[in-house]
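Here's the structure we're looking at; comments come further down.
From a predicted model like this one, the values you see are computed outputs, not experimental measurements. We name chains A, B, ... by the order of the sequence lines, and we start the count at 1 in each one.
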Amino acid sequence: MIRKSIICFILFALCYSILIAFVPNKGIGTHQWQENQIRAQRFLYEKSFDTVIVGTSLSARILLDSLKNVSSCAFSACVVEDGLRLILSKDVIPHYVLIETNYILRPSNGELVKVNTQGPLPLLRNYIPILREQNAPISLIGYCFMQRALAPADTVDLERLHKSIENRILEDNTHFLTEKMQKGRMNVIMSLISKLEKRGAKIVLFEMPLNDSLRHIRSNEQTRNVIIRMFPKDRYIYLPNDTSTYLTNDGEHLDAEGQRRYSHFLKVVLATTSL
Amino acid sequence: MLFNSWEFVVLVISTFVVYYLPLGKRWQIYALLVSSVVFYSVDSFWLLFLLLASGLVNALSSYMARYQGFPRLFATAGVVSNLILLSLFKYGGFLSKSFSCVDTELGHFLCILPLPLGISFYTFSGISLVVDAYKDRLNPNLNNDSRPSFWIYIRDTMLYICFFPKLLAGPIVKSRMFFADVNVKLLRNIDWQFVFKSLVVGYFLKMVIADNLKDFTFWLPFRYSGYMGSGSLLTLVFGYSIQMFADFAGYSLIAIGIAALFGYRLPDNFNYPYISKSFREFWKRWHITLSQFLMEYLYISMGGNRKGKLRTYINLQLTMMLGGLWHGAAWNFLMWGTYHGLCLVIERVLCGRREHCLSFGSSLLASKISSILSMLFVFVVVSFGWLLFKLPLGETLHLICALVTNWGKLSFFEMRFFPVLIYMLPVFFYHFIYLFREKKWIQQYVFRFSYVFYGLMLFLILTNSGSVSQFVYFQF
């Protein structure tokens, strides 16, 4: 019985490998973690890109379709540190690393980097495509049935949402870091950035637009001050901020229209900044 | 150390090799003890000493209760020391916060005490050991022989308490069953088919079903749930119910499979609970070893059903409330226990000991309809009960309100939750084939080709596992 089961398993794996060969890169993330995994593994195992965006769920919403030769290491429920570590784990480093600064001080739990760089699976994924998240059976089912459902969310203004969501975001943003904690976090980020720079990458900083009511709250101002201090403007490239009003789903994350607009803005900026 | 981590795989393989070395038979128990220590200390090195101390106290008190004078005194001391340990580390902070004593020195101290992994399980094992020793129910072979050497007794007891497959989340083995199993194990006696089946189904339930469902049901606690359609909310509620089953049943099966690899047969912990036709039956099928423990050491000790109807209801309610609180030091666990206690009491009042909680006559057709409706009813009620397990009462009520008020207002079902339905299917199928196991077509087409299903499960474990996470019951 055990032998028969293992033979069946091998047959399933072989048949599926053939199927995958006919529908490469089709799988979609059916939930947040899977989306992150797919994005991380596309970055790790596919061709190298000239420019990579690193950030949180805010910049994870930038639409890459129109941005030529740009990849993304921005992940929902993850932080800048995760993206930087993933880039460093690769042999070939991109020329430009675009770093979202909004929540640059948030600490990482390291899970995403760990599962994609440690243990035998990352090595095996390099040679056996069915082990990659985008080829998981559920991702292909998602591709067949759920593509429309997972399209960018509709326009919802903060005002239309329940007060509790606004309160939650405001509360999340009232956790100030002490000077010591700021320093500790920035040291981690700076050491990763200096490793990237040593390997020839250029660092570009940008801030994602938020809902107007959240743009100038104290914790965000605190982060901006730290960024200016740690990344002097004469040494690092800053992309201009888009100060026009954006609608968000929950105060922080751009709605579908906002995602399109900001992606276009970024495209124009990247073209004119001559990176 | 997680069962679904590479470190664990390495630990099991290396222990297995050492355990069955031709010249190492007399060191088998020591090999398991060392592995158990490594297994526990990876996550909480300092709390390992608490585990060892607990094991020693239990070994001493049970030995004294069984073989020395004053058995009642030593047994009481053993049980009380277990309860003190559990109260201090698990409930101290909870009581301190609940009664606003955090500002006092003692209150603050209780709040900063860490929660040792698996404390509920190893203290219950300890209680079982001491009570069994007191009641003279240890392995008859041991009892008939002359008194065992103290060191051998300590060694076996430490293995009973610390045996790594069951250390963190059970199954809770009764000491008399475990001690009867402690002897030299041979490689040729391993039931490989049993080990294979347990591990494949266990890992499939945990890594493919529970770990994937977890990434959808995490939306339940957020206030966002108020903005979902009723269909989506119902899907998440039932998805969480399936996740709980897959997580814990998966863990138990892995534990049983690993233990069998070392020659130990742990008791079944789940027996297809979602085909239960009454709440009484549900608790005979869900977390069986805990239910039996509570039944034997709590419900019956309080008088069970021997002291009239009212006392029976009170005993049932109290047992379930304490059982709920055993799961975690928080009010919502108490609420969850109370909820199940009420279900049991109401069922007992309305239906007595009838097999179905809903009955529509005695004809064959009526009996079948009763069975199906009873199963659905129990599943729905139990599933909503799980909300109390996950959320505070306020949020649970908020979610149920949203479920009712959003009916017809928002899009009934969002396609992004479609995978939840897909992940629920294998668990329903798992119950379904058990339910119809006697049917000829099931035996002909399912059992005969079961290796295809095991092959498929192996394939899905490899290609479709969710994000690695702790087992829900590890926190207890």
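Comparing A:I128, A:I141, A:I2, A:L112 by heavy-atom pairs within less than 4.5 Å of chain B, the highest count is held by A:I2. Of all the listed residues (B:V200, B:D215, B:L458), the one sharing the greatest number of non-hydrogen pairs under 4.5 Å with chain A is B:D215.
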Q: Quick one: do A:M1 and B:S450 satisfy side chain to side chain contact (heavy atoms under 4.5 Å, CB included)? Show the steps, please.
A: CA-CA 8 Å; A:M1 188 262 176; B:S450 61; 4.1 Å; yes
Q: Take B:L462 and A:L131, measure what side chain to side chain contact (heavy atoms under 4.5 Å, CB included) needs, and give me the verdict at the end.
A: CA-CA 7 Å; B:L462 199 72; A:L131 297 181; 3.4 Å; yes
(Q) Does B:W6 form a side chain to side chain contact (heavy atoms under 4.5 Å, CB included) with A:L121? I'd like the steps, not just the answer. (A) CA-CA 10 Å; B:W6 290 104; A:L121 268 179; 4.0 Å; yes
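Within 6.0 Å of OH on B:Y445 lie no more than 12 heavy atoms contributed by other residues, nucleotides or ligands.
Considering OH of A:Y16 and OG1 of B:T463, their distance stands at 6.0 Å, rounded to 0.5 Å. A distance of 10.5 Å separates CD in A:Q32 from CZ in B:R416, rounded to the nearest 0.5 Å. Atoms SG and CZ, from A:C8 and B:F459 in turn, are 12.5 Å apart once rounded to the nearest 0.5 Å. Summarising the geometry, atom CG belonging to B:L460 is positioned 10.0 Å from atom CZ belonging to A:F9; distances are rounded to the nearest 0.5 Å.
Using a 4.5 Å heavy-atom threshold, the side chains of A:S5 and B:F196 count as touching. Annotation: side chain of A:K4 is not in contact with side chain of B:V452 (no heavy-atom distance under 4.5 Å).
For B:F216, the part lying near chain A is the side chain, with the backbone staying farther off; criterion is any non-hydrogen pair under 4.5 Å. With a 4.5 Å cut-off on non-hydrogen atoms, A:E133 touches chain B through its side chain but not through its backbone. For a residue to count as touching a neighbouring chain, one of its non-hydrogen atoms must lie under 4.5 Å from one of that chain's; by this rule B:S465 touches chain A with the backbone only. Within the 4.5 angstrom heavy-atom criterion, no atom of B:F417 approaches chain A. The contact between B:I422 and chain A is made entirely by side chain atoms (from C-beta outward), counting heavy-atom distances below 4.5 Å.
With hydrogens and angles disregarded, a donor-acceptor distance shorter than 3.5 Å links the side chain of B:N464 to the backbone of A:I138.
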